[in-house]
2 protein chains.
Amino acid sequence: MKQGSEEQLNSAFAALADPVRRALIARLSRGPATVNELAEPFPITKQAVSKHIQVLEQSGLITRTREGQRRPCHLDPAALEALTSWIDIHRLTVERQFRRLDTVLDTLKEKES
Amino acid sequence: MKQGSEEQLNSAFAALADPVRRALIARLSRGPATVNELAEPFPITKQAVSKHIQVLEQSGLITRTREGQRRPCHLDPAALEALTSWIDIHRLTVERQFRRLDTVLDTLKEKES
DNA sequence: TCTGTTATCAACCAATTGGTTGATCAACTG
DNA sequence: CAGTTGATCAACCAATTGGTTGATAACAGA
């Protein structure tokens, strides 16, 4: 888990850019799972999945606990929320901008008529 | 702009993983701008910014129009919405999962006492 | 202690990425 | 037409990424 919110966004968005990692997240949203369980559906090696999981953990999107030799992964909803929050700020800003432009155009039309 | 929603997510999330591109989006949320205008605040070459803009355009996050020799960029709120939508589905799923677990634990506590 | 299971580490490889410089294209302006 | 401005193309480079194989660690159970 990194510190700066800037690097947090870097690594979290990068983590979501891979379809394997998005599938892992989709699976983990339905409950915790181990590396072996997560790797099972994929046509790649367990080591590759382990690397993907390290990327997700590094980005703060998932956390891991210990249960004997197993290390289940858990999805962190707060980390996901931080991403939607960043996106929504800018989406709402541009939508506001659009509405403002519409108002200007309407005003111009009224002046014309 | 790509077709498959899977590749759409790949490229859009990858686009957001770069701090320069996020800054471009933040700027564009306040209104359209040209490559030169967008490049001005950055310590990198105009060509590098042009590449970043191509990445954003390819991902569908921005569109471009023609005005003589200038080609202004516009942020597309719908593309942003598609991303928050994907994230929120899984965030809500895992939060629901948490609440379900809480209920189970509460039930167990009641049985104990 | 020996065996099987869970998971990671290390080294390597091909492809991609983010940046550079230099040339070029396309459109406006004198 | 000649010159300037906005933007892209092309070739190149260093660093990163996603994957592999093989070895190794850590723990559980007989």
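In what follows, chains carry the letters A, B, and so on, assigned in the order in which the sequence lines appear, proteins first and then strands, with residues in each chain numbered from 1. All values reported here derive from a predicted model rather than from experimental measurement.
Counting only N and O atoms by type, the side chains of B/Arg22 and A/Asn10 include a donor and acceptor under 3.5 Å apart.
Each of B/Arg64 and A/His52 has a nearest nucleotide on DNA chain D; the 5'-most of these lies closest to B/Arg64.
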Pairs under 3.5 angstrom, nitrogen or oxygen only, protein versus nucleotides 24-28 of chain D, please.
residue : atom : partner : partner atom : Å
D/dA28  : O4'  : A/Gln69 : OE1          : 3.0

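By the criterion of side-chain heavy atoms lying less than 4.5 angstrom apart, applied directly or through intervening Ile, Leu, Val, Met, Phe, Trp or Tyr residues, A/Phe42 is grouped together with A/Leu75 in one hydrophobic cluster. Hydrophobic clustering, with ILVMFWY side chains joined whenever heavy atoms are under 4.5 angstrom apart, groups A/Leu56 together with A/Ile44.
When all heavy atoms of B/Leu61 and B/Ala12 are compared, the pair lying nearest together is CD1-O, 4.0 Å. Listed here is the closest heavy atom pair of A/Ala14 and B/Ala17: N-CB, 3.4 Å. Between A/Val55 and A/Ala15, the closest heavy-atom pair is CG1-CB, 4.1 Å. Considering every non-hydrogen atom in both A/Ser29 and B/His90, the closest pair reads CB-O, 3.6 Å. Scanning both residues, A/Pro32 and A/Arg27, for their nearest heavy atoms gives O-NH2, 3.8 Å.
Comment: A/Arg71 does not engage A/Glu67 in a salt bridge, judged by the lack of any side-chain N to carboxylate O separation of less than 4.0 angstrom.
Proximity of B/Lys46 to B/Asn36: side-chain heavy atoms (C-beta onward) are separated by under 4.5 Å at one or more points.
When DNA chain C is scanned in the 5' to 3' direction for atoms under 4.0 Å from non-hydrogen atoms of chain B, the outermost contacting nucleotides are C/dG18 to C/dC28.
Listed by residue number, B/Thr34, B/Val35, B/Asn36 are the residues of residues 26-45 of chain B with a heavy-atom contact under 4.0 Å to DNA chain D.
Across all strands shown, A/Gln47 has heavy atoms under 4.0 Å from base atoms, whether or not it also approaches the sugar-phosphate.
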